[in-house]
Amino acid sequence: MAAQVRLCKKCSGIKAKDLKGAVGKEDVRCGCFGACRKKHPELKGRVYVRVRGGIVSAGSKKKLRRSVAEALAE
């Protein structure tokens, strides 16, 4: 099965270990997914990941973890 969550440690402000408990290790891939803060100024000051092709963002890592779990449950 393909990874359901993709994150960029450099741009998104979060690491794979920050999603521990919300997402299985096998479902996370690291690497650029084209949502750099330079190109998307609305993401400045937020943490974000790509979940199933869409971007999920939040104001903190804790809130993002909750939002990702909800997005994967749908």
Answer yes or no: is there a side-chain heavy-atom contact under 4.5 Å between Val49 and Val68?
-> yes
Might you point out which heavy atoms bring Ala71 and Arg52 nearest each other, and give the distance in Å?
-> O-NH1, 3.6 Å
Distance, nearest 0.5 Å, that separates OG of Ser12 from CG of Leu7 = 5.0 Å
dist Cys36:SG -> Lys10:NZ (nearest 0.5 Å) comes out at 7.5 Å
What one should report as the nearest heavy-atom pair of Val56 and Ser67 is CG1-CB, 3.7 Å
NZ on Lys9 to SG on Cys32, rounded to 0.5 Å = 13.5 Å
Approximate separation, where rounding is to 0.5 Å, of Leu72 CG and Gln4 CD | 5.5 Å
Validation row: Ser60, Lys63 side chains within 4.5 angstrom (heavy atoms) = yes
Do Arg50 side-chain atoms and Val5 backbone N/O form a donor-acceptor pair below 3.5 Å?
-> no
So how far is it from Ile14 CD1 to Lys61 NZ, rounded to the nearest 0.5 Å?
-> 6.5 Å
Quick one: does Tyr48's side chain have a donor or acceptor within less than 3.5 Å of a partner on Ala35's backbone?
-> yes
Verdict with reasoning, Ser57 to Leu43, per side-chain contact (heavy atoms from CB on, under 4.5 Å) = CA-CA 8 Å; Ser57 70; Leu43 295 173; 4.1 Å; yes
So which heavy atom on His40 is nearest to which on Gly34, and how close?
-> NE2-O, 3.7 Å
